[in-house]
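Here's the structure we're looking at; comments come further down.
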Protein chains: 2
Amino acid sequence: MAMRTDTNPTLADKLAAAIADGILNGRLPPGERLDEVGLAEQHGVSRTPVREALRQLAMSGLIDMRPRKGAIVSKATPEEIESLFVAMAEMEATCARLAAMSMTPIERRRLQARHESMVALAKTGETEAYSDANVAFHSAIYAGAHNAPLAEYAMSLRRRVGPFRRAQFRMDGRLLRSNQEHDAVVRAILSGDAAGAHAAMIHHVSLVEDAFEAFAAINAA
Amino acid sequence: MAMRTDTNPTLADKLAAAIADGILNGRLPPGERLDEVGLAEQHGVSRTPVREALRQLAMSGLIDMRPRKGAIVSKATPEEIESLFVAMAEMEATCARLAAMSMTPIERRRLQARHESMVALAKTGETEAYSDANVAFHSAIYAGAHNAPLAEYAMSLRRRVGPFRRAQFRMDGRLLRSNQEHDAVVRAILSGDAAGAHAAMIHHVSLVEDAFEAFAAINAA
DNA sequence: CGCGCCCGAATTGCATGCAATTTTACCCGA
DNA sequence: TCGGGTAAAATTGCATGCAATTCGGGCGCG
């Protein structure tokens with residue numbers, strides 16, 4: 001999925017980024033209607049680039065478009081959300097397995113350093129900083145797989161589940177536990193244990209999912 | 001990646017399908033320039049839906065767009081093609097593993113029947129029919145994973161490598177060998193052997209890749 | 001009170017037009 | 001002959017306009 005990143009982006013590209021940002025940080029919740037003229041006026045442009053941006057976002061799965069019915073922020077059933085989490089877990093695990101096999105010594109050292117720097121954040125409970133570092137940590141593993149299509153899809157899935165997993169790290173003890181799981185992943189990758197890296201990562205991401213389920217259940221009540 | 005399938009598709013959707021078809025069956029080879037006015041006239045429409053279709057295809061990876069520079073059919077370096085094949089192998093293997101764990105008895109029986117019907121085609125060397133059945137076979141495994149995002153991405157990767165793997169089955173003995181490998185995959189899936197299904201599928205798809213490499217090498221010479 | 005229908009407003013789909021950038025062709029000089 | 005520069009042509013990016021479909025509200029009827 002060749003994301004269009006360019007120093008000279010078109011309006012449609014900028015709009016797509018802006019709308020995606022709105023979805024990811026929750027300003028546009030799942031189910032929200034995406035009106036073409038509204039978005040156009042809001043960004044001071046015509047409908048044409050807005051339509052192109054929406055089409056782009058539709059292919060990424062962030063929004064749903066139905067011919068002549070307009071676009072909405074993707075709203076998933078619990079089953080579909082479950083599928084997204086499973087898919088993400090599988091992609092992360094696949095990247096971890098490939099990373100264990102093909103990361104360079106330098107990449108391995110950097111991954112370890114990154115992981116160790118997160119220990120402090122976990123202990124002091126700095127959720128904000130930990131969350132950012134967590135994204136970087138996982139991204140480093142995607143990159144370590146040395147496979148652009150898989151890395152891009154893993155990243156895209158991570159973004160897609162974003163709107164459904166807000167406030168995850170607030171749950172008690174989540175930071176420390178996450179960090180412990182990272183430790184298992186890192187050890188497996190560093191030692192070149194492909195199967196172990198796969199298993200550890202699946203375990204890690206699945207627990208994140210469990211945390212989500214619990215959170216969702218609380219919210220539903 | 002929510003592919004837009006509707007009984008009432010817009011012009012842009014139909015155009016995207018038509019262009020994708022042209023790319024997949026080789027009428028539009030990698031590197032081919034995709035001129036907006038040319039495509040518009042060729043299909044008897046204006047540039048607007050063409051542009052929307054191109055944006056859609058760009059997100060799927062089938063074409064490359066650069067702002068103000070136009071669109072071309074994706075042309076990959078050998079390394080990128082290699083990455084695509086590895087990614088496809090991993091996705092197929094992941095689907096096979098999940099299928100081994102979660103296919104219903106009915107799905108398993110159907111998969112077996114499908115596989116057995118392909119034995120005859122392999123023996124008589126009906127490459128055309130075998131090729132079609134092969135796509136259906138792999139699609140059945142995607143579906144058996146019971147995970148829409150993974151299945152869609154696997155399918156999308158299969159399409160994306162299409163332009164680079166033409167005439168694969170023409171290679172001597174390829175059909176019979178493919179069929180034998182399918183046998184290993186099917187046996188593992190039917191017996192619920194997740195790890196075995198994963199390994200057998202990786203093996204199968206990697207050999208397909210080898211065949212491609214050989215083919216590409218011959219063509220380059 | 002509920003249900004179907006019709007009409008107006010709102011919204012999407014597509015064509016057309018224009019400005020801006022890129023590409024191509026050509027000319028000139030070295 | 002080759003390289004550089006300029007101007008015309010081609011192509012993309014975006015705005016605007018119009019037709020068609022969908023959505024919403026009010027009305028009449030049962």
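A note on names: the letters A, B, ... follow the listed sequences, proteins ahead of strands, and every chain is numbered from 1.
Shown for residues 40-54 of chain A: residues whose heavy atoms fall under 4.0 angstrom of DNA chain D, namely Val45(A), Ser46(A), Arg47(A), Thr48(A), Pro49(A). DNA chain C lies under 4.0 Å from at least one heavy atom of each of the following residues of residues 68-75 of chain A: Arg68(A), Gly70(A).
Ion pairing between Glu32(A) and Lys75(A) fails under the 4.0 Å rule for side-chain N and carboxylate O. For the pair Asp13(B) and Arg55(A), the salt-bridge criterion is met [side-chain N within less than 4.0 Å of a carboxylate O].
Two residues are said to be in side-chain contact when any heavy atoms from C-beta on lie closer than 4.5 Å; Glu92(A) and Tyr142(A) meet this criterion.
Separating the CZ atom of Arg66(A) from the P atom of dT11(C) is a distance of 17 Å, rounded to the nearest angstrom. Following rounding to the nearest Å, Asn8(A) (CG) and dT22(C) (P) show an atom-to-atom distance of 7 Å. Distance, Leu11(A) CG to dG13(D) C1': 8 Å, rounded to whole Å. Between the CG atom of Asp64(A) and the P atom of dT12(C) there is a distance of 15 Å, rounded to whole Å. Look at NZ on Lys14(A): it is 13 Å from P on dG13(D), rounded to the nearest Å. Atom P of nucleotide dT12(C) and atom CD1 of Ile63(A) are separated by 11 Å, given to the nearest angstrom. In this entry the distance linking CD of Glu36(B) with C1' of dG17(C) reads 15 Å, nearest Å.
Considering all non-hydrogen atoms of both residues, Pro149(B) and Ala87(A) come closest at CB-CB, 4.0 Å.
His146(B) and Glu107(B) share a donor-acceptor pair across their side chains, judged by distance under 3.5 Å alone.
The only member of Arg97(A), Met91(A), Glu90(A) that meets side-chain contact (heavy atoms from CB on, under 4.5 Å) when paired with Glu90(B) is Arg97(A).
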| Chi angles and distances behind the ring-ring contact (aromatic ring centres under 6.0 Å, His included) call for His138(B), His204(B) | CA-CA 11 Å; His138(B) 284 269; His204(B) 172 49; 5.3 Å; yes

List the atom pairs, donor and acceptor, that lie under 3.5 Å between side-chain atoms in residues 38-46 of chain B and the rest of the protein, sequence neighbours left out.
residue: His43(B); atom: ND1; partner: Leu39(B); partner atom: O; Å: 3.0
residue: Ser46(B); atom: OG; partner: Thr48(B); partner atom: N; Å: 3.3

